[in-house]
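Here's the structure we're looking at; comments come further down.
Just so you know, these numbers come straight off a predicted model, no measurement behind them. Numbered from 1 within each chain, the chains take letters A, B, ... in sequence-line order.
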Protein chains: 2
Amino acid sequence: MAKTEIHKKTGYHHGDLRGELIAAARQLIEEHGPDGFSMSDACRLAGVSTAAPYRHFSSKQDLLSEIAKDGLNRLGIDMEARASKQARGTVQSIAAMGRAYVAFARREPHTFRLMFSTMSHHDRIDELKQVGRGSYGVLLREVANYLGEPDINETVLRTSFPLWTQVHGLSFLAIDGKLDVTEFPVDIEDSILIATERLLPSVP
Amino acid sequence: MAKTEIHKKTGYHHGDLRGELIAAARQLIEEHGPDGFSMSDACRLAGVSTAAPYRHFSSKQDLLSEIAKDGLNRLGIDMEARASKQARGTVQSIAAMGRAYVAFARREPHTFRLMFSTMSHHDRIDELKQVGRGSYGVLLREVANYLGEPDINETVLRTSFPLWTQVHGLSFLAIDGKLDVTEFPVDIEDSILIATERLLPSVP
DNA sequence: AACATATGTTAGCAATGGTAACATAGTTAG
DNA sequence: CTAACTATGTTACCATTGCTAACATATGTT
(Lines give C-alpha, C1' and ligand atoms only; values in the text may rest on other atoms or scores of the structure.)
Protein backbone atom coordinates (compact mmCIF):
# COMPACT_ATOMS: atom_id res chain seq x y z
CA MET A 1 0.00 0.00 0.00
CA ALA A 2 0.97 3.58 0.36
CA LYS A 3 3.88 3.04 2.65
CA THR A 4 6.78 5.42 2.38
CA GLU A 5 8.99 3.47 0.05
CA ILE A 6 12.62 4.05 -0.60
CA HIS A 7 12.92 6.48 -3.37
CA LYS A 8 14.16 4.48 -6.31
CA LYS A 9 14.83 6.39 -9.44
CA THR A 10 14.58 4.02 -12.33
CA GLY A 11 15.79 6.84 -14.51
CA TYR A 12 12.34 7.33 -15.88
CA HIS A 13 9.99 6.90 -12.98
CA HIS A 14 10.97 8.89 -10.02
CA GLY A 15 9.88 7.07 -6.90
CA ASP A 16 8.22 9.82 -4.94
CA LEU A 17 7.94 12.83 -7.18
CA ARG A 18 4.98 14.21 -5.31
CA GLY A 19 6.86 14.34 -2.04
CA GLU A 20 9.98 15.65 -3.67
CA LEU A 21 8.10 18.44 -5.40
CA ILE A 22 6.56 19.51 -2.11
CA ALA A 23 9.98 19.53 -0.51
CA ALA A 24 11.48 21.47 -3.40
CA ALA A 25 8.60 23.93 -3.35
CA ARG A 26 8.90 24.49 0.38
CA GLN A 27 12.57 25.20 0.02
CA LEU A 28 12.15 27.56 -2.90
CA ILE A 29 9.25 29.38 -1.28
CA GLU A 30 11.22 30.05 1.84
CA GLU A 31 14.09 31.28 -0.30
CA HIS A 32 12.29 33.51 -2.76
CA GLY A 33 8.73 33.86 -1.52
CA PRO A 34 5.56 32.33 -2.93
CA ASP A 35 5.45 34.91 -5.71
CA GLY A 36 9.01 34.35 -6.79
CA PHE A 37 8.36 30.64 -6.75
CA SER A 38 7.89 28.96 -10.09
CA MET A 39 6.81 25.49 -11.06
CA SER A 40 9.77 25.37 -13.43
CA ASP A 41 12.21 25.99 -10.61
CA ALA A 42 10.70 23.21 -8.56
CA CYS A 43 11.00 20.89 -11.54
CA ARG A 44 14.62 21.80 -12.08
CA LEU A 45 15.32 21.17 -8.43
CA ALA A 46 13.56 17.81 -8.50
CA GLY A 47 15.19 16.95 -11.80
CA VAL A 48 12.06 16.34 -13.85
CA SER A 49 10.39 17.93 -16.84
CA THR A 50 8.04 20.88 -16.42
CA ALA A 51 5.03 18.77 -17.30
CA ALA A 52 5.60 16.12 -14.67
CA PRO A 53 4.05 17.95 -11.69
CA TYR A 54 0.67 18.00 -13.35
CA ARG A 55 0.35 14.25 -12.78
CA HIS A 56 0.36 14.99 -9.05
CA PHE A 57 -1.09 18.47 -8.72
CA SER A 58 -3.89 19.92 -10.74
CA SER A 59 -2.21 23.33 -10.77
CA LYS A 60 0.43 25.46 -9.15
CA GLN A 61 -2.19 26.61 -6.67
CA ASP A 62 -2.92 23.03 -5.78
CA LEU A 63 0.71 22.46 -4.85
CA LEU A 64 0.77 25.65 -2.83
CA SER A 65 -2.39 24.61 -1.03
CA GLU A 66 -0.72 21.37 -0.07
CA ILE A 67 2.15 23.28 1.48
CA ALA A 68 -0.24 25.58 3.28
CA LYS A 69 -2.12 22.61 4.67
CA ASP A 70 1.05 20.99 5.89
CA GLY A 71 2.07 24.27 7.51
CA LEU A 72 -1.22 24.63 9.36
CA ASN A 73 -0.77 21.13 10.71
CA ARG A 74 2.76 21.73 11.86
CA LEU A 75 1.72 24.98 13.51
CA GLY A 76 -0.79 23.16 15.69
CA ILE A 77 1.80 20.56 16.62
CA ASP A 78 4.33 23.26 17.51
CA MET A 79 1.83 25.04 19.74
CA GLU A 80 0.89 21.90 21.58
CA ALA A 81 4.54 20.96 22.03
CA ARG A 82 5.54 24.31 23.45
CA ALA A 83 2.55 24.50 25.77
CA SER A 84 3.19 21.03 27.10
CA LYS A 85 6.44 22.27 28.60
CA GLN A 86 4.47 24.56 30.92
CA ALA A 87 1.95 23.91 33.62
CA ARG A 88 -1.24 23.31 31.67
CA GLY A 89 -4.10 25.74 31.62
CA THR A 90 -2.06 28.71 32.85
CA VAL A 91 -1.15 32.11 31.48
CA GLN A 92 2.26 30.65 30.91
CA SER A 93 1.06 27.78 28.77
CA ILE A 94 -1.17 30.06 26.74
CA ALA A 95 1.63 32.56 26.22
CA ALA A 96 3.84 29.66 25.17
CA MET A 97 1.39 28.86 22.41
CA GLY A 98 1.55 32.46 21.31
CA ARG A 99 5.32 32.28 21.20
CA ALA A 100 5.14 29.11 19.13
CA TYR A 101 2.79 30.89 16.73
CA VAL A 102 5.03 33.89 16.21
CA ALA A 103 8.12 31.70 16.12
CA PHE A 104 6.62 29.68 13.29
CA ALA A 105 5.84 32.83 11.35
CA ARG A 106 9.38 34.08 11.75
CA ARG A 107 10.94 30.75 10.93
CA GLU A 108 8.87 30.19 7.78
CA PRO A 109 7.45 33.59 6.89
CA HIS A 110 6.47 32.76 3.35
CA THR A 111 4.78 29.53 4.26
CA PHE A 112 3.01 31.34 7.07
CA ARG A 113 1.70 33.95 4.68
CA LEU A 114 0.58 31.21 2.36
CA MET A 115 -1.27 29.46 5.16
CA PHE A 116 -3.47 32.45 5.74
CA SER A 117 -3.92 33.96 2.32
CA THR A 118 -7.35 32.75 1.39
CA MET A 119 -7.33 34.64 -1.88
CA SER A 120 -4.93 32.15 -3.40
CA HIS A 121 -6.69 28.88 -2.65
CA HIS A 122 -9.78 29.01 -4.79
CA ASP A 123 -10.40 25.31 -4.69
CA ARG A 124 -9.37 23.89 -1.39
CA ILE A 125 -10.55 26.58 1.00
CA ASP A 126 -12.85 24.24 2.87
CA GLU A 127 -10.18 21.64 3.34
CA LEU A 128 -7.70 24.22 4.60
CA LYS A 129 -10.29 25.75 6.88
CA GLN A 130 -10.83 22.36 8.43
CA VAL A 131 -7.14 21.89 9.14
CA GLY A 132 -6.98 25.43 10.48
CA ARG A 133 -9.83 24.73 12.83
CA GLY A 134 -7.92 21.73 14.09
CA SER A 135 -4.90 23.80 15.01
CA TYR A 136 -7.05 26.53 16.51
CA GLY A 137 -8.62 23.87 18.68
CA VAL A 138 -5.27 23.43 20.39
CA LEU A 139 -5.56 26.97 21.72
CA LEU A 140 -9.23 26.62 22.52
CA ARG A 141 -8.64 23.60 24.71
CA GLU A 142 -5.89 25.36 26.58
CA VAL A 143 -8.08 28.39 27.23
CA ALA A 144 -10.97 26.18 28.32
CA ASN A 145 -8.61 24.55 30.75
CA TYR A 146 -7.48 27.94 32.03
CA LEU A 147 -11.05 29.13 32.48
CA GLY A 148 -12.09 25.89 34.12
CA GLU A 149 -14.74 25.38 31.49
CA PRO A 150 -15.69 21.77 30.80
CA ASP A 151 -15.92 22.20 27.04
CA ILE A 152 -15.46 24.66 24.20
CA ASN A 153 -18.35 26.97 24.96
CA GLU A 154 -18.95 30.55 23.91
CA THR A 155 -17.01 31.97 26.84
CA VAL A 156 -13.97 30.03 25.72
CA LEU A 157 -14.41 31.20 22.15
CA ARG A 158 -14.81 34.84 23.11
CA THR A 159 -11.75 34.71 25.32
CA SER A 160 -9.58 32.96 22.78
CA PHE A 161 -10.30 35.11 19.77
CA PRO A 162 -8.47 38.28 20.86
CA LEU A 163 -5.49 36.16 21.83
CA TRP A 164 -5.34 34.75 18.33
CA THR A 165 -5.80 38.18 16.82
CA GLN A 166 -2.93 39.52 18.87
CA VAL A 167 -0.33 36.92 17.96
CA HIS A 168 -1.53 36.90 14.37
CA GLY A 169 -0.99 40.63 14.07
CA LEU A 170 2.33 40.42 15.81
CA SER A 171 3.42 37.69 13.44
CA PHE A 172 2.59 39.71 10.36
CA LEU A 173 4.21 42.85 11.66
CA ALA A 174 7.31 40.86 12.52
CA ILE A 175 7.71 39.10 9.20
CA ASP A 176 6.91 42.26 7.27
CA GLY A 177 9.71 44.08 9.04
CA LYS A 178 7.41 46.62 10.61
CA LEU A 179 8.70 46.31 14.16
CA ASP A 180 11.31 49.00 13.72
CA VAL A 181 8.67 51.41 12.54
CA THR A 182 7.69 51.62 16.18
CA GLU A 183 11.01 53.36 16.84
CA PHE A 184 11.70 51.40 19.98
CA PRO A 185 12.95 47.89 20.41
CA VAL A 186 10.02 45.54 20.68
CA ASP A 187 10.76 42.42 22.61
CA ILE A 188 8.49 39.91 21.02
CA GLU A 189 8.47 37.46 23.91
CA ASP A 190 7.57 40.26 26.32
CA SER A 191 4.87 41.60 24.03
CA ILE A 192 3.19 38.24 23.90
CA LEU A 193 3.25 37.73 27.64
CA ILE A 194 1.97 41.21 28.43
CA ALA A 195 -0.82 41.05 25.88
CA THR A 196 -1.82 37.58 27.03
CA GLU A 197 -2.08 38.77 30.62
CA ARG A 198 -4.15 41.78 29.67
CA LEU A 199 -6.47 39.93 27.34
CA LEU A 200 -7.17 37.03 29.66
CA PRO A 201 -9.72 37.69 32.36
CA SER A 202 -8.19 37.09 35.77
CA VAL A 203 -9.38 33.77 37.03
CA PRO A 204 -9.36 32.35 40.56
CA MET B 1 4.03 73.10 -13.69
CA ALA B 2 2.69 69.82 -12.50
CA LYS B 3 -0.82 70.91 -11.97
CA THR B 4 -3.53 68.38 -12.60
CA GLU B 5 -4.37 69.20 -16.15
CA ILE B 6 -7.39 68.12 -18.04
CA HIS B 7 -6.61 64.84 -19.61
CA LYS B 8 -6.25 65.62 -23.28
CA LYS B 9 -5.64 62.68 -25.50
CA THR B 10 -4.02 63.90 -28.64
CA GLY B 11 -4.37 60.38 -29.93
CA TYR B 12 -0.74 59.77 -29.38
CA HIS B 13 0.17 61.40 -26.14
CA HIS B 14 -2.13 60.53 -23.36
CA GLY B 15 -2.35 63.42 -20.98
CA ASP B 16 -1.91 61.77 -17.64
CA LEU B 17 -0.94 58.19 -18.27
CA ARG B 18 0.84 57.86 -14.96
CA GLY B 19 -2.26 58.74 -13.00
CA GLU B 20 -4.49 56.66 -15.20
CA LEU B 21 -2.26 53.62 -14.82
CA ILE B 22 -2.37 53.94 -11.06
CA ALA B 23 -6.13 54.18 -11.18
CA ALA B 24 -6.40 51.21 -13.51
CA ALA B 25 -4.03 49.19 -11.36
CA ARG B 26 -5.93 49.99 -8.18
CA GLN B 27 -9.14 48.87 -9.79
CA LEU B 28 -7.68 45.67 -11.16
CA ILE B 29 -5.91 44.82 -7.93
CA GLU B 30 -9.09 45.15 -5.94
CA GLU B 31 -10.84 42.97 -8.49
CA HIS B 32 -8.34 40.17 -8.95
CA GLY B 33 -5.70 40.60 -6.25
CA PRO B 34 -2.13 41.81 -6.63
CA ASP B 35 -1.05 38.42 -7.94
CA GLY B 36 -3.74 38.23 -10.55
CA PHE B 37 -2.88 41.75 -11.60
CA SER B 38 -0.89 42.14 -14.78
CA MET B 39 0.75 45.11 -16.39
CA SER B 40 -0.88 44.12 -19.65
CA ASP B 41 -4.33 44.33 -18.13
CA ALA B 42 -3.63 47.78 -16.78
CA CYS B 43 -2.45 48.83 -20.24
CA ARG B 44 -5.53 47.46 -21.90
CA LEU B 45 -7.69 49.28 -19.39
CA ALA B 46 -5.81 52.53 -19.92
CA GLY B 47 -5.81 52.01 -23.67
CA VAL B 48 -2.07 52.13 -24.26
CA SER B 49 0.59 49.74 -25.44
CA THR B 50 2.30 47.38 -23.04
CA ALA B 51 5.54 49.30 -23.27
CA ALA B 52 4.10 52.65 -22.30
CA PRO B 53 4.10 52.17 -18.50
CA TYR B 54 7.85 51.87 -18.43
CA ARG B 55 8.18 55.57 -19.18
CA HIS B 56 6.51 56.21 -15.82
CA PHE B 57 7.42 53.24 -13.66
CA SER B 58 10.70 51.41 -13.61
CA SER B 59 8.93 48.09 -13.11
CA LYS B 60 5.69 46.44 -12.12
CA GLN B 61 6.91 46.48 -8.53
CA ASP B 62 7.48 50.19 -8.79
CA LEU B 63 3.85 50.73 -9.76
CA LEU B 64 2.68 48.48 -6.95
CA SER B 65 4.84 50.40 -4.51
CA GLU B 66 3.19 53.59 -5.60
CA ILE B 67 -0.20 52.12 -4.85
CA ALA B 68 0.99 50.84 -1.49
CA LYS B 69 2.32 54.27 -0.62
CA ASP B 70 -0.92 55.94 -1.57
CA GLY B 71 -2.79 53.41 0.53
CA LEU B 72 -0.67 54.05 3.60
CA ASN B 73 -1.34 57.73 3.24
CA ARG B 74 -5.06 57.31 2.90
CA LEU B 75 -5.11 54.98 5.89
CA GLY B 76 -3.62 57.67 8.10
CA ILE B 77 -6.12 60.21 6.82
CA ASP B 78 -9.02 57.82 7.45
CA MET B 79 -7.88 57.19 11.00
CA GLU B 80 -7.55 60.86 11.78
CA ALA B 81 -10.94 61.60 10.27
CA ARG B 82 -12.75 58.93 12.21
CA ALA B 83 -11.06 59.85 15.49
CA SER B 84 -11.91 63.51 15.04
CA LYS B 85 -15.58 62.62 15.34
CA GLN B 86 -15.01 61.52 18.93
CA ALA B 87 -13.85 63.32 22.02
CA ARG B 88 -10.08 63.44 21.54
CA GLY B 89 -7.72 61.40 23.65
CA THR B 90 -10.33 58.93 24.84
CA VAL B 91 -10.86 55.21 24.59
CA GLN B 92 -13.56 56.06 22.10
CA SER B 93 -11.30 58.04 19.79
CA ILE B 94 -8.62 55.36 19.92
CA ALA B 95 -11.14 52.63 19.20
CA ALA B 96 -12.42 54.74 16.33
CA MET B 97 -8.96 54.66 14.80
CA GLY B 98 -8.96 50.92 15.15
CA ARG B 99 -12.27 50.74 13.39
CA ALA B 100 -10.95 52.91 10.58
CA TYR B 101 -7.96 50.60 10.27
CA VAL B 102 -10.01 47.43 9.98
CA ALA B 103 -12.56 49.15 7.76
CA PHE B 104 -9.83 50.12 5.34
CA ALA B 105 -8.56 46.57 5.23
CA ARG B 106 -12.03 45.25 4.50
CA ARG B 107 -12.79 47.89 1.91
CA GLU B 108 -9.54 47.43 0.01
CA PRO B 109 -8.18 44.09 1.12
CA HIS B 110 -5.70 43.63 -1.68
CA THR B 111 -4.30 47.10 -1.39
CA PHE B 112 -4.06 46.62 2.34
CA ARG B 113 -2.09 43.44 1.90
CA LEU B 114 0.16 45.22 -0.56
CA MET B 115 0.78 48.03 1.92
CA PHE B 116 2.25 45.66 4.45
CA SER B 117 3.99 43.04 2.36
CA THR B 118 7.57 44.13 2.60
CA MET B 119 8.80 41.22 0.57
CA SER B 120 7.51 42.76 -2.61
CA HIS B 121 9.04 46.19 -2.44
CA HIS B 122 12.72 45.56 -2.86
CA ASP B 123 13.55 49.07 -3.86
CA ARG B 124 11.34 51.50 -2.09
CA ILE B 125 11.17 49.98 1.37
CA ASP B 126 12.63 53.06 3.04
CA GLU B 127 10.22 55.40 1.34
CA LEU B 128 7.25 53.23 2.27
CA LYS B 129 8.49 52.87 5.81
CA GLN B 130 8.58 56.63 6.07
CA VAL B 131 4.99 57.01 4.94
CA GLY B 132 3.98 54.19 7.27
CA ARG B 133 5.61 55.97 10.17
CA GLY B 134 3.59 59.03 9.33
CA SER B 135 0.32 57.17 9.56
CA TYR B 136 1.38 55.36 12.69
CA GLY B 137 2.09 58.78 14.20
CA VAL B 138 -1.62 59.53 14.02
CA LEU B 139 -2.26 56.75 16.53
CA LEU B 140 0.75 57.67 18.65
CA ARG B 141 -0.45 61.23 19.10
CA GLU B 142 -3.89 60.06 20.10
CA VAL B 143 -2.48 57.67 22.67
CA ALA B 144 -0.15 60.36 24.02
CA ASN B 145 -3.18 62.57 24.39
CA TYR B 146 -5.03 59.81 26.23
CA LEU B 147 -2.13 59.17 28.57
CA GLY B 148 -1.60 62.87 29.16
CA GLU B 149 1.97 62.59 27.93
CA PRO B 150 3.44 65.76 26.46
CA ASP B 151 5.21 63.97 23.61
CA ILE B 152 5.81 60.61 21.98
CA ASN B 153 7.87 58.98 24.69
CA GLU B 154 8.55 55.36 25.41
CA THR B 155 5.42 54.96 27.51
CA VAL B 156 3.34 56.08 24.56
CA LEU B 157 5.15 53.70 22.26
CA ARG B 158 4.76 50.74 24.58
CA THR B 159 1.07 51.43 25.00
CA SER B 160 0.37 51.93 21.32
CA PHE B 161 2.12 48.89 19.96
CA PRO B 162 -0.27 46.19 21.22
CA LEU B 163 -3.17 48.27 19.95
CA TRP B 164 -1.67 48.27 16.48
CA THR B 165 -0.91 44.58 16.69
CA GLN B 166 -4.50 43.85 17.64
CA VAL B 167 -6.21 45.71 14.82
CA HIS B 168 -3.59 44.52 12.37
CA GLY B 169 -4.27 40.91 13.26
CA LEU B 170 -7.99 41.46 13.19
CA SER B 171 -7.70 43.04 9.77
CA PHE B 172 -5.83 40.11 8.32
CA LEU B 173 -8.10 37.52 9.83
CA ALA B 174 -11.09 39.42 8.49
CA ILE B 175 -9.87 39.80 4.93
CA ASP B 176 -8.61 36.23 4.85
CA GLY B 177 -12.04 34.97 5.78
CA LYS B 178 -10.87 33.40 9.00
CA LEU B 179 -13.52 34.84 11.26
CA ASP B 180 -15.80 31.88 10.90
CA VAL B 181 -13.05 29.53 11.94
CA THR B 182 -13.90 30.71 15.44
CA GLU B 183 -17.27 29.01 15.15
CA PHE B 184 -19.11 31.96 16.59
CA PRO B 185 -20.10 35.25 15.01
CA VAL B 186 -17.39 37.82 15.64
CA ASP B 187 -18.66 41.35 15.89
CA ILE B 188 -15.72 43.33 14.64
CA GLU B 189 -16.74 46.64 16.17
CA ASP B 190 -17.20 45.00 19.56
CA SER B 191 -13.92 43.15 19.30
CA ILE B 192 -12.06 46.37 18.69
CA LEU B 193 -13.67 48.20 21.57
CA ILE B 194 -13.16 45.37 24.04
CA ALA B 195 -9.55 44.83 23.05
CA THR B 196 -8.84 48.55 23.19
CA GLU B 197 -10.24 48.78 26.69
CA ARG B 198 -8.26 45.82 27.90
CA LEU B 199 -5.01 46.88 26.30
CA LEU B 200 -5.12 50.50 27.46
CA PRO B 201 -4.05 51.11 31.02
CA SER B 202 -6.81 52.80 32.97
CA VAL B 203 -5.98 56.43 33.31
CA PRO B 204 -7.35 59.01 35.73
C1' DA C 1 12.63 76.97 -37.67
C1' DA C 2 15.57 73.84 -35.15
C1' DC C 3 16.66 71.17 -31.64
C1' DA C 4 16.14 68.61 -27.18
C1' DT C 5 13.15 66.20 -24.31
C1' DA C 6 9.21 63.66 -22.94
C1' DT C 7 6.23 60.24 -24.07
C1' DG C 8 4.14 57.03 -27.01
C1' DT C 9 4.38 52.65 -30.61
C1' DT C 10 5.77 48.25 -32.77
C1' DA C 11 8.65 44.17 -32.65
C1' DG C 12 10.70 40.85 -30.15
C1' DC C 13 12.93 38.15 -26.06
C1' DA C 14 13.05 34.69 -22.35
C1' DA C 15 10.34 32.64 -18.74
C1' DT C 16 6.07 30.86 -17.10
C1' DG C 17 1.73 27.93 -16.34
C1' DG C 18 -0.61 24.64 -18.66
C1' DT C 19 -2.14 21.05 -22.37
C1' DA C 20 -1.74 17.30 -25.81
C1' DA C 21 0.40 13.38 -27.71
C1' DC C 22 3.52 10.07 -26.95
C1' DA C 23 6.81 6.77 -24.13
C1' DT C 24 7.89 3.81 -20.50
C1' DA C 25 7.48 1.48 -16.18
C1' DG C 26 4.86 -1.36 -12.80
C1' DT C 27 0.65 -4.17 -11.99
C1' DT C 28 -2.70 -7.36 -12.78
C1' DA C 29 -5.44 -10.94 -15.70
C1' DG C 30 -5.51 -14.68 -18.61
C1' DC D 1 4.90 -15.56 -19.37
C1' DT D 2 2.62 -12.42 -21.95
C1' DA D 3 -0.93 -9.02 -22.80
C1' DA D 4 -3.50 -5.38 -21.39
C1' DC D 5 -4.19 -1.63 -18.20
C1' DT D 6 -2.84 2.07 -15.37
C1' DA D 7 0.37 5.29 -13.44
C1' DT D 8 3.77 8.35 -14.31
C1' DG D 9 7.20 10.41 -16.96
C1' DT D 10 8.83 13.09 -21.64
C1' DT D 11 8.91 16.25 -25.63
C1' DA D 12 6.57 19.70 -28.31
C1' DC D 13 3.84 23.37 -28.19
C1' DC D 14 0.76 27.59 -26.89
C1' DA D 15 -0.72 32.09 -24.92
C1' DT D 16 0.54 35.32 -21.54
C1' DT D 17 3.64 38.08 -19.11
C1' DG D 18 7.37 41.52 -17.77
C1' DC D 19 10.56 43.99 -20.02
C1' DT D 20 13.90 46.10 -23.62
C1' DA D 21 15.37 48.17 -28.02
C1' DA D 22 14.60 50.89 -31.90
C1' DC D 23 11.71 53.97 -33.81
C1' DA D 24 7.89 57.79 -34.01
C1' DT D 25 5.54 61.80 -32.50
C1' DA D 26 4.41 65.49 -29.71
C1' DT D 27 5.81 69.51 -26.60
C1' DG D 28 8.60 73.40 -25.31
C1' DT D 29 12.72 76.39 -25.61
C1' DT D 30 15.66 79.13 -27.94
Using residues 130-138 of chain A as the side-chain source, report each donor-acceptor pair under 3.5 Å to any protein atom, sequence neighbours left out, with the distance given to one decimal.
from, atom 1, to, atom 2, distance (Å)
A/Arg133, NH1, B/Asp180, O, 3.1
A/Ser135, OG, A/Leu72, O, 2.6

field: Nearest-neighbour nucleotide for the B/His56 side chain, C/dT7, D/dT17, D/dT10 considered
entry: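 Closest of the options to the side chain of B/His56: C/dT7.
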- request: Among D/dT10, C/dT10, D/dT17, find the nucleotide with the atom closest to the side chain of A/Ala52.
  value: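 That would be D/dT10.
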field: Single hit among B/Ile192, B/Thr196, B/Asp78 for side chain to side chain contact (heavy atoms under 4.5 Å, CB included) with B/Arg99
entry: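 Result for side chain to side chain contact (heavy atoms under 4.5 Å, CB included) with B/Arg99: B/Ile192.
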With [X], which residues qualify under side-chain hydrogen bond (donor to acceptor under 3.5 Å, both in side chains), at least two apart?
| X | value |
| --- | --- |
| A/Glu149 | A/Asn153 |
| A/Asp187 | none |
| B/Glu197 | none |

Nucleotides 19-22 of chain D: which of its N/O atoms have a protein N/O under 3.5 Å away?
from, atom 1, to, atom 2, distance (Å)
D/dC19, OP2, B/Tyr54, OH, 2.9
D/dC19, OP2, B/Lys60, N, 2.7
D/dA22, N6, B/Arg55, NH2, 3.4

field: Qualifying residues under ring pair (Phe, Tyr, Trp, His ring centres under 6.0 Å), relative to A/Phe112, sequence neighbours excluded
entry: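 Only A/Tyr101, A/Phe116, A/His168, A/Phe172 meet the ring pair (Phe, Tyr, Trp, His ring centres under 6.0 Å) criterion with A/Phe112.
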- request: Would you mind reading off the distance between B/Asp16 atom CG and D/dA26 atom C1', rounded to a whole angstrom?
  value: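 Roughly 16 Å, once rounded to whole Å.
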Rounded distance in Å - CG (A/Leu17) to C1' (C/dA25):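 Result: 14 Å.
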message: At 4.0 Å (heavy atoms only), tell me whether A/Arg18 reaches a base, stays on the sugar-phosphate, or touches nothing.
response: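 The answer is nothing, as A/Arg18 stays clear of every strand by at least 4.0 Å.
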